[in-house]
Amino acid sequence: MRLHMKENYQQRQKERYHYGRWENGGCFLRPLQPFGKGYSIAMPPPNVTGVLHMGHLLNNTIQDVLIRYARQMGQCAFWQPGTDHAGISLQVKVEKELQKQGIFTKNLSREECLRHACNYRDAYGNIILDQLRHLGVSCDFSKKVHTLDPAYCRTVLAGFVELFRRGYIYRGRRMVNWCPVSQTAISDEEVIMEARRGKLYRIRYAIAELSGEYLEVCTTRPETIPGDVAIAVHPSDLRHRHLIGKHVCRPFPKKEIPIIGDSDVLQDFGTGALKITPAHDPVDFAIGQRHSLECLDILNGDGTLNALAGSELEGLSREDAREKSVQMLKNLGLLLEEEDYEHSVGISERSGKPIEPRLSDQWFLRYPQVERAKEVVRKGLIQFFPRHWEKTYLHWLDGIQDWCISRQLYWGHRIPVWYPKGGDRTDVSAWHVSVDGPPDPENWEQDEDVLDTWFSSAFWPMGTMGWPDPIAMETHHFQFYYPTAVLVTGPDIIFFWVARMIMMALEFLGRGDGEDLKNVIPFRAVYFTGIIRDSKGRKMSKSLGNSPEPLDLIEKYGADGVRFGLLSMAPIGQDVLFDEGRLKQGRNFCTKLWHACRFRMLQGDDFLPKLLLPPQRISGVDAAILLALIQLCEQLETALKNYEFHSAVQKVEHFFRSDYCDWFVEICKIRMKANPSLRAEILGVQDIVLRQLLQLLHPFTPFICEELWQTMGYGEGFLQDVSLLTGDGLKKQLEGLADFDGGTTAPVENLRETVGLLRALKASIGLANCKDVPMYCDGNWEEAAAEEHLFILKEMVGFSTVRVVNSLQGLSTVLTPLGTFAFEANGSDVDGAKEREKLLREAEALRSNIAANEKKLSDVKFCQRAPAEVVAGAKSLLMKNQKDLEEIERILHISQG
RNA sequence: GGGGAGUUAGCUCAGUUGGUUAGAGCACCAGCUUGACAUGCUGGGGGUCAUGGGUUCGAGUCCCGUACUUCCCACCA
């Protein structure tokens, strides 16, 4: 009969309830009066256009774990949330949206465009943060910062102005990556090289001075022929060098162009001759510069060909123009061959279309503080977890190129540079560069470009804390909370973001060395999460449809379950193969935790542990579980210190399930039944464990812990505010409260091992469910230990009595740390033959181990060179094996009769 | 082309400075409605630690080579 109705934990209902309580209770607020030590994390601001994905869940779970743990450890914890205006990404989305309504932004003024974009941002911008609430994030929403907030804009512009003044920012006409779809320049990091299948065309140009002779050239881009201004060959190329100085006829538009010699041309590629289109290829551009060649730009901003390409190609897209020019070459008899050719093409990360190298006027940043940025990481001032990302970081900084920071968009921080109205824009001395603009704006025109989104993000940790405004820095407690403790992000933005934040902080917050640097760096550690992939290892993406909906998962498994599951599958240093089964395990863990607490409560209110009184003397299984608990605390401290969340979660789950529930609680039931007077003491120990467990688990599964903390009555107020004892602290506390036998747990371990061995024996001979069978022994067991634990053994294993007999012959026998025991088999092994075989195998294994160990110990080198404890270990193992073997031989001898 | 990471049970991964007989979870098989929990319990099978050398008394662990996987960077028209 069941005493109680089945009951289950109403997970999502409780989660919603507690999140509301926390927010209303101000749990997440940055402490008003900072005290002690500050611990802050700046959340990587999600894009306002973003959709919550699995990466956000993992990333924010980790940050939440860290910030909650810091709170428990009594630190002033502040988690700064925010959103990123998302530059191109938002502008593209707004324009698509407007197009549906028949509105085209090219017909609108900049102000009107901005208004639409702001509306869009305001409508969708907070969705993702709101979604994150379901996960239980404890960031201080009242301090939320958006990258286009007025205050943050001042940060960004001040950064620009100062970098300009210091000579790091300049304007120049350079070859940049042009996205013809978004019609803006993009940075090198936003270009993804992709292998694309195309054709390599072998074509020939007639040599003007030598009628009937041709120079052959290979190209993948025949549509750029109108932009050709020369053909280059290697000056020492015997096939071609006599042609240098002569000319070829460009077929369309018809023109004679020179043949030049340049050693950048690869002799062994294609025909060894390279057509030079300086406006549309970086290598060609460089060659063109060297030879003072004209730059013939035949493309419009949208990627179509312009009038310079000639009337036949003008207006065509790049793709159409390629087809057309191939046809034209064919017609002219100049196309010799086309072969399939796979080569890598630069693709715009945003539009997915090939970028176009384009010469244009742009703003560039020469990175400041490159060497010191390397140094702070190399010297461990900023620690990377996992460490190997250091190499990627350092390598990138080694080959760093100037960064094109201007974008031809309206959505973003507009470049704070003004030119005299109608004046010459190239005259730098006439420019006005300031955060607030010129006092007489009517006489000036502001630069049209905006800054790359990542430029604004580079100031995130300092900007959110008020930099550079001294008053704002004061109110944000910059001194107290900066630098942030840790940055939690993906390794894919190590260049985009991590490196740039470090350089900006070093540039602006001080130039000191040594100790000073500790207050300058933007974060003391960077934890790189893995990228979440599907079970087949593919990146999760919308197009593949392999990404589960995060909110559905939270509905299904609860926020606690999702958090626990995600952490358990996220080992340090590797990508995460997503497995929904883990989330289920997470939920199951929570359910079991709830039931374990429920069991405690069902023992009666009179024992409800307001005071947590342990027994006067703690020993035996009580001491063992408490020691394991202390050890668990220590393991968690280490794991969290090293950002080993995977290991933390695994350790706590193992302790709870295996040590506490399956072993300790089951024994408690037996002890309480056998000796009701021990009830209060036993439950007291359970309370100590459960209370500590709820605290330990709070960072990982905050909701259920809060719920149980309240129902169990373990403390007043919010769980997060109760200071968490370290393993050492807990040990001291226990020693202070009771006579705590923290000594050897060997007897309990022996008991546990014996239980396991006897259960296995019973199962293997078909007695798993028989509890009324006698257990036999022939008198050689360690009675003292057995007596103390006999009733536990009886119930845990399931036997009626111990029958001492003269011989174990014909019985199924097993060696245990507490002695040799036997059962009378049921059906499958009536004469004990099966177990005898097992014993024979065991004896065999023991003999070979003994032989190996004897050999080892007789080896003089081993005894001399191995450490003493290893030698001693081998000796004691040898002895144990010999003893076990003797015992088995004795049993086998007896049982063979 | 340069660099990183990896290869341990069917799957996902642990495995501390080299030291007893290599672990966990999932999956699988068998048994169990047991007074918290079947979202559970008990038991079980399953690994030549990718491969070839080397160092060592001793190698999953350290060194060198090879193969494969994967990521990043650069890029030849």
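Proteins come first, then strands; the chains are lettered A, B, ... in the order of their sequence lines, and each starts at number 1.
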Give A/Asn881 one of three labels, base, sugar-phosphate or nothing, depending on what nucleic acid heavy atoms sit under 4.0 Å from its own. base
Students often get this wrong, so: under 4.0 angstrom with heavy atoms, is A/Cys863 touching a base, only sugar-phosphate, or nothing? nothing
In whole Å, what separates the P atom of B/rU20 from that of B/rC26? 27 Å
Pairwise C1' distance, B/rA5 and B/rG46 [rounded to whole Å]: 29 Å
Just checking A/Thr220: base, sugar-phosphate only, or nothing, at a heavy-atom cut-off of under 4.0 Å? sugar-phosphate
Atom CD of A/Gln10 and atom P of B/rC37: how far apart are they, to the nearest Å? 16 Å
Which nucleotide sits closest to the side chain of A/Asn588: B/rU39, B/rC37, B/rC73? B/rU39
Under 3.5 Å: donor-acceptor pair, side chain of A/Glu194, backbone of A/Gly346: no
May I ask you to verify whether the side chain of A/Glu666 and the base of B/rA36 hold a donor-acceptor pair under 3.5 Å? yes
Say you pick atom P in B/rC76 and the same atom in B/rU61; how far apart are they, in whole Å? 42 Å
Less than 6.0 angstrom separating the ring centers of A/Tyr527 and A/Phe645, yes or no? yes
Give A/His654 one of three labels, base, sugar-phosphate or nothing, depending on what nucleic acid heavy atoms sit under 4.0 Å from its own. nothing
Return yes if a side-chain donor-acceptor contact under 3.5 Å exists between A/Thr224 and A/Lys275, otherwise no. yes
Is there a donor-acceptor contact under 3.5 Å linking the side chains of A/Gln650 and A/Ser647? no
Report yes if a donor N or O on one partner sits less than 3.5 Å from an acceptor N or O on the other, where the partners are the side chain of A/Thr591 and the base of B/rC37; otherwise report no. no
Same-atom distance (C1') from B/rA67 to B/rG53, integer angstrom: 15 Å
Could you tell me the Watson-Crick or G-U partner of B/rG35, where both distances fall under 3.5 Å? Say none if there is no partner. none
Are the aromatic rings of A/Phe528 and A/Phe384 close, with centres under 6.0 Å apart? yes
Nearest-neighbour nucleotide for the A/Leu877 side chain, B/rU21, B/rA77, B/rA36 considered: B/rU21
Ignoring hydrogens and geometry beyond distance, is a side-chain donor-acceptor pair present between A/Arg500 and A/Tyr367 at under 3.5 Å? yes
Does A/Arg759 make a side-chain N or O approach to OP1 or OP2 of B/rG44 shorter than 4.0 Å? no
Measure the distance from CE on A/Met601 to P on B/rC37 and round it to the nearest whole Å. 13 Å
Just by modelled atom types, is the A/Phe599 backbone N or O under 3.5 Å from a matching donor or acceptor in the A/Gln603 side chain? yes
Any idea which of B/rC71, B/rU39, B/rC76 is nearest the A/Arg587 side chain? B/rU39
Does B/rG1 pair with anything, Watson-Crick or G-U wobble, both distances under 3.5 Å, and if so, with which nucleotide? B/rC73
What's the gap between B/rA77 and B/rG3 when it is taken at their C1' atoms, as a whole Å value? 26 Å
Could you give the distance separating B/rG15 and B/rU8 at their C1' atoms, to the nearest angstrom? 9 Å
Over all strands shown, is A/Pro491 touching base, sugar-phosphate only, or nothing at heavy-atom distances under 4.0 angstrom? nothing
Would you mind classifying the nucleic acid contact of A/Arg657 as base, sugar-phosphate or nothing, using non-hydrogen atoms under 4.0 angstrom? sugar-phosphate
Let's see if you can work this out: which of B/rG40, B/rU42, B/rU21 has an atom nearest to the side-chain heavy atoms of A/Asp662? B/rU42
B/rC26 C1' sits how many Å from A/Glu653 CD, rounded? 11 Å
Check for me whether the distance between the ring centres of A/Tyr341 and A/Tyr201 falls short of 6.0 Å. no
Quick one: the side chain of A/Lys651 and the base of B/rA14, do they pair up donor-acceptor inside 3.5 Å? no
Is a donor from one side chain sitting under 3.5 angstrom from an acceptor on the other, for A/His234 and A/Asp262? no
Tell me the interatomic distance from A/Leu885, atom CG, to B/rU21, atom P, rounded to whole angstroms. 16 Å
Just checking A/Val217: base, sugar-phosphate only, or nothing, at a heavy-atom cut-off of under 4.0 Å? nothing
Can you tell me the base-pairing partner of B/rG65? Count Watson-Crick or G-U wobble geometry only, both distances below 3.5 Å, and say none if there is no partner. B/rU51
Using a heavy-atom cut-off of under 4.0 Å over every strand shown, decide if A/Ala760 touches base, sugar-phosphate, or nothing. sugar-phosphate
Closest to side chain of A/Phe269, choosing from B/rG19, B/rA77, B/rC37: B/rA77
Between P of B/rG31 and NZ of A/Lys771, the distance in whole Å: 18 Å
Of the candidates B/rU12, B/rC32, B/rA36, the side chain of A/Asn769 sits closest to B/rC32
B/rA36 phosphate, OP1 or OP2: any side-chain N/O from A/Lys669 under 4.0 angstrom? yes
Report the base-pairing partner of B/rG25 (Watson-Crick or G-U wobble, both distances below 3.5 angstrom), or none. B/rC11
Does OP1 or OP2 of B/rA77 have a side-chain N or O of A/Tyr341 closer than 4.0 Å? yes
Please report the distance separating the C1' of B/rU17 from the corresponding atom of B/rC62, rounded so that it comes out in whole Å. 11 Å
OP1 or OP2 of B/rU20 less than 4.0 angstrom from a side-chain nitrogen or oxygen of A/Asn853, does that happen here? no
A/Leu758 CG to B/rG43 P, in whole Å, measures 11 Å
How many whole angstroms separate atom CG of A/Asp268 from atom P of B/rA77? 12 Å
Roughly, in whole Å, what's the span from CG in A/Leu857 to P in B/rG58? 15 Å
Please report the distance separating the P of B/rG60 from the corresponding atom of B/rG23, rounded so that it comes out in whole Å. 13 Å
Nearest to the side chain of A/Phe495, which nucleotide is it out of B/rG4, B/rC72, B/rA24? B/rC72
Name the nucleic acid region contacted by A/Leu577, choosing base, sugar-phosphate or nothing; use a 4.0 angstrom heavy-atom cut-off, strictly under. sugar-phosphate
